[in-house]
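Keep in mind the model is a prediction, meaning the values are calculated, not measured. In the text below, chain A, chain B and the rest are named by the order of the sequence lines, each starting its count at 1.
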There are 2 protein chains.
Amino acid sequence: MGTNQLYKGSLATIVLKLLEEKGRMYGYQITQEVKAISDGELVITEGALYPMLHKLEAQGLLTVETEMAGNRMRKYYSITHDGQKEVVYRMAELEAFIRQMQSLLNPRIELA
Amino acid sequence: MGTNQLYKGSLATIVLKLLEEKGRMYGYQITQEVKAISDGELVITEGALYPMLHKLEAQGLLTVETEMAGNRMRKYYSITHDGQKEVVYRMAELEAFIRQMQSLLNPRIELA
DNA sequence: ATGTTTGCATAAAATACTTAGGTATATGGG
DNA sequence: CCCATATACCTAAGTATTTTATGCAAACAT
């Protein structure tokens, strides 16, 4: 994901939220969509993505449907009910993270 | 650092920026300061902090001065010139990260 | 005296990701 | 026809970062 260390830990959040919005996506599509939205800045490698999809499925946050597009396999992932609850939690975490980083790094108040 | 995955990758940024602001701090002081600023939400473990301080020093971003407080050792870290350049870079990265996450996760525009 | 806080440190394990492969189909250019 | 590129899945070894679990020692409060 580029050279920016900060993206570490954000992959599951990105995948879950994207699937919540788009309803249904397959792995390769996720990599392309993220690249497009970020103007090529955020590149999700397949070596990170596929294991993450399998993990989220194992955790019951995603479900899979395998379909054939012509002669090629596609595995469409959808978010489950548990996954939707997880999205709410993850988004709250993201907001908390951003707030904490801002208060840490743009300190307005001097402490005693 | 709590249960929030998103803090992964942010430790160096936090340490560098804090030292840029405060001028001079020792390790234990950094852990307490961060805990205080974040109302106990962000706890930096010593097992993560000390290796990171050593690494940043080895990279020439920090310098150390060992002093005795009574009979106890304290190792005060300060930011170097290279460290200050790194802070500028890291803060730009943080802003880029936040912007990307917002455009990814609060999408206003539908893509083709 | 004993437990907690201060203050340093390292080492093993877990976690997350990168890098580097592997397989196979589809497609466009030369 | 051939070959590079794109599509589409996958795993395994290596690297980086952090957690967890220790260890040592001085200071301080009960």
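- Between A:L19 and A:L56 the shortest side-chain heavy-atom distance does not fall below 4.5 Å.
- Comparing atom distances between the B:M52 side chain and each of D:dT18, D:dC9, C:dC17 picks out D:dT18 as nearest.
- Distance from the side chain of A:P51 is smallest for D:dT11 among the nucleotides D:dT11, D:dT19, D:dT7.
- Between A:E46 atom CD and C:dT19 atom C1' there is a gap of 13 Å when expressed in whole angstrom units.
- Rounded to whole Å, the distance from OH on A:Y50 to C1' on C:dT23 is 13 Å.
- In this structure the side chain of A:Q100 never reaches within 4.5 angstrom of the side chain of B:I37, judged on heavy atoms.
- Distance, A:E57 CD to D:dC9 C1': 14 Å, rounded to whole Å.
- Straight-line distance from the NZ atom of A:K75 to the P atom of D:dT7: 20 Å, rounded to whole Å.
- For A:T80 (side chain) and A:G60 (main-chain N/O), a donor-acceptor pair under 3.5 Å exists by modelled atom type.
- A donor-acceptor pair is defined here as one N or O able to donate and one able to accept, closer than 3.5 Å; no such pair exists between the side chain of B:E41 and the backbone of B:S38.
- For the pair B:H54 and C:dT10, the criterion of a side-chain N or O lying under 4.0 Å from OP1 or OP2 is met.
- Phosphate proximity of D:dT19 to B:T45: present, with a side-chain N or O under 4.0 Å from OP1 or OP2.
- Residue-to-nucleotide proximity on DNA chain D shows that, of B:A69 and A:R74, the 5′-proximal contact is made by A:R74.
- Taking only side-chain nitrogens and oxygens, A:K8 never comes nearer than 4.0 Å to OP1 or OP2 of D:dT18.
- Ionic pairing of A:R24 and A:E67 is present here: one or more N-O contacts between side-chain nitrogen and carboxylate oxygen are shorter than 4.0 angstrom.
- In this structure, CE of A:M68 is placed 12 Å from P of D:dA8, rounded to the nearest angstrom.
- The interatomic distance linking B:L42 (CG) with D:dT18 (P) rounds to 11 Å, in whole Å.
- Checking the phosphate oxygens (OP1, OP2) of D:dC9, no side-chain nitrogen or oxygen of A:Y26 falls inside 4.0 Å.
- Residue-level contact check: A:Q5 touches the backbone only, with heavy atoms under 4.0 Å from sugar-phosphate atoms and none from bases.
- Counting any heavy atom pair closer than 4.0 Å across all strands shown, B:T3 reaches no nucleic acid atom.
- Contacts of A:R72 with the nucleic acid, taken as non-hydrogen atoms under 4.0 Å apart, include base atoms.
- One finds no side-chain N or O of B:K55 lying less than 4.0 angstrom from the OP1 or OP2 phosphate oxygen of D:dA16.
- Rounded to whole Å, atom P of C:dT5 lies 8 Å from atom OH of B:Y28.
- Side-chain contact between A:R74 and A:Y28: absent, with no pair of heavy atoms (C-beta onward) separated by less than 4.5 Å.
- For the pair B:Q32 and A:G70, nearest-nucleotide mapping onto DNA chain C gives the more 5' position to B:Q32.
- In this entry the distance linking CE of B:M1 with P of D:dT19 reads 7 Å, nearest Å.
- Between A:N71 and B:Y76, the one whose closest nucleotide on DNA chain C sits nearer the 5' end is B:Y76.
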